[in-house]
Amino acid sequence: MIILRKPIAGLSEVALARFVAKATRSVRLKGEVNVLVTNNGELRRLNRSFRRMDKPTDVLSFPAASDLSARLAGDVAISAEIAARNAQQLGHSTAQEIKILALHGVLHLAGYDHERDHGEMAWKEQRLRRSLGLPVGLIERSNQSQELLIAKNAKTAQRTLRKLGTTRVRTRS
């Protein structure tokens with residue numbers, strides 16, 4: 001079941017259902033996936049209730065209880081507001097961003113965990129994103145942000161060293 005509580009330009013419930021079905025097949029996930037696209041307030045309440053984090057987030061995944069897993073894989077909740085903001089910053093449509101978030105949620109329902117799997121989910125998400133015709137995904141985006149921050153800090157350090165008239169930092173032993 002797909003519920004769009006917030007209308008998304010270029011994305012219908014039917015189109016999102018087709019995409020989620022394709023993503024579910026791609027990861028060989030059994031059972032139905034329910035997706036709720038809603039506002040920050042609802043994502044904040046869900047995040048507070050289930051993760052003890054009192055802030056909105058872009059996507060949450062809730063695997064089904066084991067006694068339901070034969071017919072229900074789980075639920076995914078997505079913030080349309082955060083998706084719209086991310087899409088604008090990254091230069092793609094909100095509809096694409098909703099699909100990126102749905103794919104990320106489906107991967108979590110399939111048992112992937114980017115915080116613990118040493119890059120397995122990142123690799124799988126990148127591969128699926130490309131095959132499904134989507135732009136840069138969540139994990140890849142996060143890794144790129146970290147790389148840009150490191151590069152920016154390195155450039156700042158180089159400029160500071162040039163201003164000081166040295167190219168190396170000397171330390172005392």
Side-chain angles (χ1 to χ4, degrees), residues 1-6 8 11 13 15-87 89-90 92-147:
M1 174 188 305
I2 305 294
I3 300 171
L4 292 177
R5 288 210 178 130
K6 300 279 285 185
I8 306 297
L11 188 65
E13 289 179 354
L16 185 54
R18 275 193 224 118
F19 175 81
V20 169
K22 190 183 244 186
T24 301
R25 282 191 307 272
S26 296
V27 298
R28 298 185 180 156
L29 182 61
K30 302 293 185 214
E32 184 180 350
V33 174
N34 296 314
V35 179
L36 169 67
V37 179
T38 189
N39 60 37
N40 279 350
E42 193 157 7
L43 261 288
R44 180 180 181 170
R45 283 189 295 281
L46 290 169
N47 206 15
R48 184 176 51 232
S49 294
F50 293 96
R51 297 180 64 220
R52 309 254 188 270
M53 299 178 85
D54 192 16
K55 63 181 184 176
T57 189
D58 50 4
V59 61
L60 291 170
S61 299
F62 303 97
S66 58
D67 58 331
L68 296 174
S69 61
R71 56 188 165 95
L72 178 67
D75 303 318
V76 175
I78 297 171
S79 168
E81 294 162 333
I82 294 174
R85 186 177 62 232
N86 289 346
Q89 289 173 350
L90 295 164
H92 57 254
S93 73
T94 302
Q96 287 178 308
E97 185 68 12
I98 295 290
K99 289 178 180 179
I100 290 167
L101 295 171
L103 174 62
H104 190 83
V106 165
L107 284 165
H108 276 301
L109 294 178
Y112 291 92
D113 184 352
H114 52 85
E115 293 178 4
R116 297 186 187 122
D117 69 9
H118 307 290
E120 185 180 358
M121 183 175 175
W123 176 84
K124 185 82 168 176
E125 184 174 316
Q126 183 181 40
R127 195 172 112 299
L128 288 171
R129 183 186 43 74
R130 285 183 184 150
S131 73
L132 295 169
L134 295 173
V136 67
L138 287 181
I139 299 168
E140 190 176 6
R141 186 183 309 160
S142 176
N143 291 342
Q144 286 175 348
S145 294
Q146 289 174 354
E147 290 169 8

*Asks:* Would you confirm whether R129, through its side chain, and L134, through its main-chain N or O, come within 3.5 Å as a donor-acceptor pair?
*Replies:*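 Side chain of R129 to backbone of L134, a donor-acceptor pair under 3.5 Å: yes, one is there.
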*Asks:* Check the pair K124 / R127 against side chain to side chain contact (heavy atoms under 4.5 Å, CB included), numbers first and verdict last.
*Replies:* CA-CA 5 Å; K124 185 82 168 176; R127 195 172 112 299; 3.8 Å; yes
*Asks:* Working to the nearest 0.5 Å, report the span between CD of E13 and CG of L4.
*Replies:*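 Rounded to the nearest 0.5 Å, the CD-CG separation comes to 4.5 Å.
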*Asks:* Ignoring hydrogens, what is the shortest heavy-atom contact between A102 and I78? Give both atom names and the distance.
*Replies:*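 Here A102 and I78 meet closest at N-CD1, 3.7 Å.
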*Asks:* Side chain to side chain contact (heavy atoms under 4.5 Å, CB included) between R71 and K30: does it pass, once the steps are laid out?
*Replies:* CA-CA 7 Å; R71 56 188 165 95; K30 302 293 185 214; over 6 Å; no
*Asks:* Kindly state each residue pair satisfying ring-ring contact (aromatic ring centres under 6.0 Å, His included) with at least one member in residues 29-48, sequence neighbours excluded.
*Replies:*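 Output for this query is empty, none listed.
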*Asks:* For L46 and A77, work out which heavy atoms get closest and say how close.
*Replies:*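 Taking L46 first and A77 second, the nearest heavy atoms are CD1-CB, 3.8 Å.
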*Asks:* Not counting sequence neighbours, which residues clear side-chain contact (heavy atoms from CB on, under 4.5 Å) with A84? List them please.
*Replies:*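 For A84 the side-chain contact (heavy atoms from CB on, under 4.5 Å) partners, ignoring immediate neighbours, are T94.
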*Asks:* Main chain of Q96, side chain of H92: is a donor-acceptor contact present, judged purely on distance under 3.5 Å?
*Replies:*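 Absent.
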*Asks:* Please give me the minimum heavy-atom distance between A80 and I98, naming the atom from each residue.
*Replies:*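 Minimum heavy-atom contact is CA-CD1, 4.3 Å.
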*Asks:* Compare every heavy atom of V76 with every heavy atom of L109, then report the nearest pair and how far apart it is.
*Replies:*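 Looking at all heavy atoms of both residues, the closest pair is CD1-CG2, 3.8 Å.
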*Asks:* Considering all heavy atoms of both residues, which atom of N47 and which atom of K55 are nearest to each other, and what is their separation?
*Replies:*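 Heavy-atom minimum between the residues: ND2-O, 2.9 Å.
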*Asks:* Hey, what do you get for CG (L90) to CZ (R85), rounding to the nearest 0.5 Å?
*Replies:*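 Nearest 0.5 Å value for the CG-CZ distance: 11.0 Å.
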*Asks:* About how many Å separate OG1 of T57 and CZ of R48, when rounded to the nearest 0.5 Å?
*Replies:*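 It is 14.0 Å, given to the nearest 0.5 Å.
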*Asks:* For residues 31-53, which residue pairs qualify under ring-ring contact (aromatic ring centres under 6.0 Å, His included), counting only residues two or more places apart or in two chains?
*Replies:*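 The answer is F50-F62.
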*Asks:* Could you name each residue pair satisfying salt bridge (charged side-chain N to carboxylate O under 4.0 Å, His left out) that touches residues 103-113, not counting sequence neighbours?
*Replies:*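 For residues 103-113: D113-R116.
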*Asks:* Could you tell me whether the side chain of Q126 and the main chain of W123 form a donor-acceptor pair under 3.5 Å?
*Replies:*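 Absent.
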*Asks:* Less than 3.5 Å apart, which donor and acceptor atoms pair up between the side chains of residues 31-40 and the rest of the protein, not counting sequence neighbours?
*Replies:*
{"unit_1": "E32", "atom_1": "OE2", "unit_2": "M1", "atom_2": "N", "d": "2.6"}
{"unit_1": "N34", "atom_1": "OD1", "unit_2": "M1", "atom_2": "N", "d": "3.0"}
{"unit_1": "N34", "atom_1": "ND2", "unit_2": "D75", "atom_2": "OD1", "d": "2.9"}
{"unit_1": "T38", "atom_1": "OG1", "unit_2": "E42", "atom_2": "OE1", "d": "2.7"}
{"unit_1": "N39", "atom_1": "OD1", "unit_2": "G41", "atom_2": "N", "d": "3.1"}
{"unit_1": "N39", "atom_1": "OD1", "unit_2": "E42", "atom_2": "N", "d": "2.8"}
{"unit_1": "N40", "atom_1": "OD1", "unit_2": "S79", "atom_2": "OG", "d": "2.4"}
{"unit_1": "N40", "atom_1": "ND2", "unit_2": "E81", "atom_2": "OE1", "d": "3.2"}

*Asks:* Please report, to 0.1 Å, the donor-acceptor pairs under 3.5 Å made by any side chain of residues 16-26, with sequence neighbours excluded.
*Replies:*
{"unit_1": "T24", "atom_1": "OG1", "unit_2": "V20", "atom_2": "O", "d": "2.7"}
{"unit_1": "S26", "atom_1": "OG", "unit_2": "K22", "atom_2": "O", "d": "2.9"}

*Asks:* Closest heavy-atom contact between A110 and L29?
*Replies:*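 Minimum heavy-atom separation between A110 and L29: CA-CD1, 3.8 Å.
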*Asks:* With a 4.5 Å cut-off on side-chain heavy atoms, are L101 and E97 touching?
*Replies:*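 They are in side-chain contact.
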